[in-house]
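Please read the structure below before turning to the comments.
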Amino acid sequence: MSKRYLITSALPYANGALHLGHLAGAYLPADIYVRYLRLLGKDVVWVCGSDEHGAAITIRAKKEGVTPQQIIDKYHELNKSTFDRLGISFDYYHRTSAPLHHETSQDFFLKLYHQGGEFEEREIEQYYDQDFDQFLADRYIVGTCPKCGHGEAYGDQCENCGSDLSPIELINPRSTLSGKLPVLKKTKHWYFKLDKHEGWLRQWIDEGILDGAQHHDPKAWKRHVVGQCLSWLDGGLQPRAITRDLPWGIPVPLPEAKGKVLYVWFDAPIGYISSTRQWARENGQDWELYWKDKDTTLIHFIGKDNIVFHCIVFPAMLKAHGEFNLPINVPANQFLNFEGQKFSKSRGWGIEQHEYLEEFKDFPNKEDALRYALIRNMPENKDADFKWDEFIDFHDKELADNLGNFVNRVVVLSNKYFDGKAPQANVSVKEGLAEVLTLARRLTAELDGFSFRSAVLTLMEISSWGNTHLQDVSPWKLYKDNPDDPAIKDCLFLSLQIVALLSLLCEPFIPFTAPKVRRLIGLPDIQRGELQEALDNLASGVELLPAGHPIGAPELLFAKIIDRKDDSRLMIVNRQREKLQQVLTAEQTKERPPAKPEIQYEDFSKLDLRTGTILAAEKVPKADKLLKLTVELGSEQRTIVSGIAQHFKPEELPGQPVVIVANLAPRTLKGIESQGMILTAENEKGELVFVNAPKGWGDGFGVK
RNA sequence: GGCGUGGUAGCUCAGCUGGUUAGAGCGCAUGAUUCAUAAUCAUGAGGUCGGCGGUUCAAGCCCGCCUCACGCUACCA
């Protein structure tokens with residue numbers, strides 16, 4: 001058993017709010033796990049913080065006409081406080097703009113630099129803005145997309161067609177700083193030699209062996225995590241640039257690196273370390289014990305987009321440094337969809353954490369209702385889907401009808417029959433609750449294995465067991481015959497023990513409800529380590545709630561959403577459903593993209609558009625999207641390679657009239673020279689249709 | 001095209017290193033019950049475990065081929 005635990009959750013990027021998918025991916029599971037460890041009395045520290053560097057933040061600041069500092073302050077506060085309100089119980093939520101983090105990152109860099117062998121320097125050509133006298137990050141350059149012709153494509157990506165680009169590919173590139181044409185200029189950067197770590201990484205991930213010793217059980221890692229890592233390693237690792245020419249970030253601590261900062265991916269994971277250091281400072285602790293002691297278990301909670309980073313890149317950095325522990329497990333979650341589709345801020349699809357709290361502010365138990373729905377549908381091994389229908393079902397049928405109702409039944413009956421005191425019973429806790437204890441142990445085992453969905457179902461099974469037990473004994477029947485029947489006391493005594501146990505077991509999942517349950521049965525707030533104590537007590541036959549213990553007045557834990565007498569909660573949920581409908585409706589009548597910049601007739605007249613007919617079509621080998629077409633143009637035939645294989649079957653194309661661009665420069669694709677381009681139109685669903693003259697109209701005639 | 005992950009009851013998903021009649025929750029049907037938030041409890045119906053072929057005494061689980069979904073990647077003139 002490990003002496004202590006260090007838990008991390010992915011650092012949220014401080015240029016936007018987080019949605020429910022993020023919460024379900026990296027924060028809620030970690031919170032459950034950490035709360036559970038605390039209940040067991042473990043020495044655990046859970047760190048997180050805002051990731052506040054990178055070009056995306058400076059771009060956003062520029063767009064909004066504010067400083068980067070204002071952006072990160074805004075989202076740091078927003079995310080931090082939202083987490084807090086949802087009961088996400090970090091031990092420390094730091095930020096990478098803090099001086100301590102800069103110092104930690106620079107020290108880390110220097111250690112590797114001076115140690116030698118980990119870095120290499122490379123000269124590359126990069127765009128440079130002469131007016132502003134600085135190199136331009138990819139996103140600081142805009143131009144015409146070479147693939148779709150979109151006029152405002154970024155240097156790393158075109159937001160119109162989604163292509164990944166490099167700044168060099170852009171047509172008519174211009175700097176977003178000065179608006180002028182940037183020049184290519186040489187610059188020097190440092191690269192981390194990731195490739196040299198390939199060997200041990202493979203053994204570590206595949207077999208769990210590190211430095212010749214068993215480090216962890218590779219079978220305890222999720223399949224999709226190991227799969228993706230090995231796939232990456234098979235593809236071969238490349239050195240990665242760790243510096244950038246950018247005015248925003250952590251300065252590279254070398255005299256010859258003026259104006260350069262650490263690439264954000266390099267400093268961000270070090271944020272886990274600085275967050276721990278800051279926590280230790282403020283709490284009089286030794287941070288190094290948590291990062292360097294062999295008896296510390298390190299676990300990273302992340303989403304699947306971060307797997308390679310936390311299983312390959314960061315471990316390589318830590319190993320290169322030499323003093324740090326490597327993670328024992330990286331239980332990455334997959335993605336959460338929202339009502340069948342991906343979360344999309346721009347589309348307005350989905351709901352952000354702080355929006356939820358705002359929209360549901362009049363909803364009782366809004367935090368636990370959300371947490372519960374997300375846990376029940378957590379994307380542990382495959383993508384999952386959040387649906388409001390299920391939100392209602394989980395809340396009403398499981399939290400209210402099963403758990404809430406059981407607690408209520410027990411409290412009501414105790415008040416009714418025993419004047420609000422735990423009865424004196426004549427039953428063995430050890431025997432009477434043996435099955436319950438087994439279930440509780442199963443629950444803890446599931447938490448140990450990061451199976452949060454199963455664990456929360458087991459919680460419900462315990463509550464169900466209580467309901468069944470009540471039903472089997474039916475004390476209300478016995479009471480009619482003989483109010484002093486000892487079986488009534490036994491039954492309620494055991495039921496109260498179950499409620500007491502549930503008050504502890506439910507805390508990691510629904511921490512806002514747990515204290516309410518405690519109050520209902522007259523117990524003080526939960527103490528660290530109390531679950532471990534309770535389990536030990538039950539195992540040795542000691543009750544959690546002694547006879548005579550005062551029980552509180554009954555009070556409902558969960559007000560149901562589907563409630564004949566009060567539809568206010570349903571209204572709140574229905575508002576969300578309506579919003580989604582509106583998004584869908586709006587998209588059907590949606591306006592089309594704005595026209596591209598004006599051109600002259602001469603520009604247009606350069607195009608030679610002609611009618612033609614497809615004679616033959618075949619699939620291009622080893623390409624998903626390409627078809628090789630032979631097109632009749634009247635006076636000649638052309639070979640044209642077109643990216644339409646996913647829309648049309650080759651056999652249905654011969655005879656299809658088309659319009660082609662006849663004077664487009666030839667281009668070789670997958671070894672075939674394409675002599676032109678077929679015109680198609682694409683709608684919002686991505687469906688393609690040919691632009692053409694009627695069949696048999698004639699080939700090779702001009703189009704204008 | 002390559003790689004990874006997944007395709008199990010109407011819906012959402014469990015099924016560890018292959019081993020007896022394939023599981024859970026919801027939904028559905030029938031019954032019991034009334035302490036409780038029209039809650040609870042019991043019983044039942046419902047599956048060619050994506051398809052085809054193979055290995056094995058034995059396959060949902062292993063192998064091959066095919067197919068569909070998601071992700072990464074190549075291609076998209």
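These values consider heavy atoms only, across backbone and side chains, with no hydrogens, waters or symmetry-generated copies. Numbered from 1 within each chain, the chains take letters A, B, ... in sequence-line order.
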Task: Between B:G10 (C1') and A:Asp389 (CG): distance, integer Å - done: 15 Å

Open item on the list: What is the distance, to the nearest angstrom, from the CG atom on A:Asn333 to the P atom on B:C70?
Closed with: 20 Å

Open item on the list: Heavy atoms from C-beta onward define the side chain here; which of B:C70, B:U40, B:U5 lies closest to that of A:Gln334?
Closed with: B:U5

TODO: Take the protein atom CD of A:Glu555 and the nucleotide atom C1' of B:C35, then report the distance between them rounded to whole Å.
DONE: 18 Å

TODO: Would you indicate what A:Lys560 reaches in the nucleic acid, counting non-hydrogen atoms under 4.0 angstrom: base, sugar-phosphate, or nothing?
DONE: base

Open item on the list: Please confirm whether the shortest side-chain N or O distance from A:Arg223 to OP1 or OP2 of B:G6 is below 4.0 Å.
Closed with: yes

Open item on the list: Partner lookup for B:C49, please. Criteria are Watson-Crick or G-U wobble with both distances under 3.5 angstrom; report none if nothing qualifies.
Closed with: none

Task: Parallel, tilted or perpendicular: ring planes of A:Phe452 versus A:Phe301, cut at 30 and 60 degrees - done: tilted

- [ ] Report which part of the nucleic acid A:Glu398 touches: base, sugar-phosphate, or nothing (heavy-atom distance under 4.0 Å, all strands).
- [x] sugar-phosphate

TODO: Rounded to whole angstrom, note down the P distance from B:U30 over to B:A45.
DONE: 15 Å

- [ ] Write down the distance separating the C1' atoms in B:G2 and B:A14, rounded off to the nearest Å.
- [x] 32 Å

TODO: Establish, with yes or no, whether the OP1 or OP2 oxygen of B:C76 is under 4.0 angstrom from a side-chain nitrogen or oxygen of A:Ser642.
DONE: no

Open item on the list: Nearest to the side chain of A:Lys416, heavy atoms from C-beta on, is which of B:A36, B:U12, B:U40?
Closed with: B:A36

Open item on the list: Taking the ring centre of each residue, are A:Phe558 and A:Tyr372 less than 6.0 Å apart?
Closed with: no

Task: Watson-Crick or G-U counterpart of B:G4, or none if no pair lies under 3.5 Å - done: B:C70

Task: Paired nucleotide for B:U21 [Watson-Crick or G-U wobble; both distances under 3.5 Å] - done: none

Open item on the list: Would you call the rings of A:Phe363 and A:His395 parallel, tilted or perpendicular, taking 30° and 60° as the class edges?
Closed with: perpendicular

- [ ] State the pairing partner of B:A14; accept Watson-Crick or G-U wobble contacts with both distances under 3.5 Å, and report none otherwise.
- [x] none

TODO: Ignoring backbone atoms, test whether A:Lys565 places a side-chain nitrogen or oxygen under 4.0 Å from the OP1 or OP2 oxygen of B:A38.
DONE: yes

- [ ] With P as the reference atom in both, quote the distance from B:G19 to B:A32 in angstrom, rounded to an integer.
- [x] 42 Å

Open item on the list: Give me the distance, rounded to whole Å, that separates B:A69 from B:C75 when you measure between the P atoms they each carry.
Closed with: 22 Å

TODO: Provide, to the nearest angstrom, the distance between the CG atom belonging to A:Leu494 and the C1' atom belonging to B:C35.
DONE: 17 Å

Task: Minimum-distance pair of heavy atoms, taken over all atoms of A:Ala455 and A:Glu446 - done: CA-OE1, 3.2 Å

Task: Comparing A:Arg564 and A:Lys480 on RNA chain B - which has the more 5′ nearest nucleotide - done: A:Lys480

Open item on the list: Need the pair for B:G44. Rule: Watson-Crick or G-U wobble, both distances under 3.5 Å, any strand; none if unpaired.
Closed with: B:C28

TODO: Answer with base, sugar-phosphate or nothing: what part of the nucleic acid does A:Val410 contact at a heavy-atom distance below 4.0 Å?
DONE: nothing

- [ ] Please tell me which of the listed nucleotides, B:U33, B:A36, B:U37, lies nearest to the side chain of A:Val412?
- [x] B:A36

TODO: Kindly point out which of B:A36, B:G27, B:C13 is positioned nearest to the side chain of A:Lys397?
DONE: B:G27

Open item on the list: Taking B:G27 as the reference, what is the distance to B:U12 when you measure between their P atoms (whole Å, please)?
Closed with: 15 Å

Task: For B:A58, the Watson-Crick or wobble counterpart (both distances under 3.5 Å) - done: none

Open item on the list: Taking only side-chain N and O atoms of A:Lys382, does any of them lie within less than 4.0 angstrom of OP1 or OP2 on B:G71?
Closed with: no

Open item on the list: In whole Å, I'd like the distance from the CG atom of A:Leu413 to the C1' atom of B:U37.
Closed with: 14 Å

Task: Rounded distance in Å between the P positions of B:C63 and B:G46 - done: 33 Å

Task: Of A:Lys382, A:Lys222, A:His224, the residue whose pairing with A:Asn333 passes side-chain hydrogen bond (donor to acceptor under 3.5 Å, both in side chains) - done: A:Lys222

Open item on the list: Is it the case that atom CZ in A:Arg610 sees more than 12 heavy atoms from other parts of the structure closer than 6.0 Å?
Closed with: no

TODO: Check every strand shown and say whether A:Ser454 touches a base, only sugar-phosphate, or nothing at a heavy-atom separation below 4.0 Å.
DONE: nothing

Open item on the list: Quick check on RNA chain B: between A:Thr468 and A:Asp383, whose nearest nucleotide comes earlier from the 5' end?
Closed with: A:Thr468

- [ ] Hunt down the Watson-Crick or G-U wobble partner of B:A36, both distances under 3.5 Å, from any strand shown, or write none.
- [x] none

Open item on the list: Rounding to an integer number of Å, can you tell me how far A:Met460 CE sits from B:G25 P?
Closed with: 13 Å

TODO: Name the nucleic acid region contacted by A:Lys477, choosing base, sugar-phosphate or nothing; use a 4.0 angstrom heavy-atom cut-off, strictly under.
DONE: sugar-phosphate

- [ ] Decide if atom CD of A:Glu673 counts as having more than 12 heavy atoms of other residues, nucleotides or ligands within a radius under 6.0 Å.
- [x] yes

TODO: Measure from CG on A:Leu233 to P on B:G4 and round the result to the nearest Å.
DONE: 13 Å

- [ ] Looking at every strand, decide which applies to A:Asn405 at a 4.0 Å heavy-atom threshold: base, sugar-phosphate, or nothing.
- [x] base

Open item on the list: Please give the distance between the P atoms of B:A74 and B:C3 as a whole number of Å.
Closed with: 16 Å

TODO: Assign A:Tyr479 to base, sugar-phosphate, or nothing according to its heavy-atom contacts below 4.0 angstrom with the strands shown.
DONE: nothing

Task: Per A:Gln471 side chain, nearest of listed nucleotides B:U37, B:U12, B:U33 - done: B:U33

Task: Which atom of A:Asn663 lies closest to which atom of A:Asp608, heavy atoms considered - done: OD1-N, 3.0 Å

Open item on the list: For a quick check of understanding: with a heavy-atom distance under 4.0 Å over all strands, which category does A:Leu557 fall into, base, sugar-phosphate or nothing?
Closed with: base

TODO: For B:G18 and B:G31, measure between their P atoms and round to the nearest Å.
DONE: 46 Å

Task: Pairing partner of B:A9 (Watson-Crick or G-U wobble, both distances under 3.5 Å) - done: none

TODO: Report which part of the nucleic acid A:Leu556 touches: base, sugar-phosphate, or nothing (heavy-atom distance under 4.0 Å, all strands).
DONE: base

Task: Parallel, tilted or perpendicular: rings of A:Trp388 and A:Phe386 (30°, 60°) - done: perpendicular

- [ ] May I have the distance from A:Leu403 (atom CG) to B:G25 (atom P), rounded to whole angstrom?
- [x] 17 Å

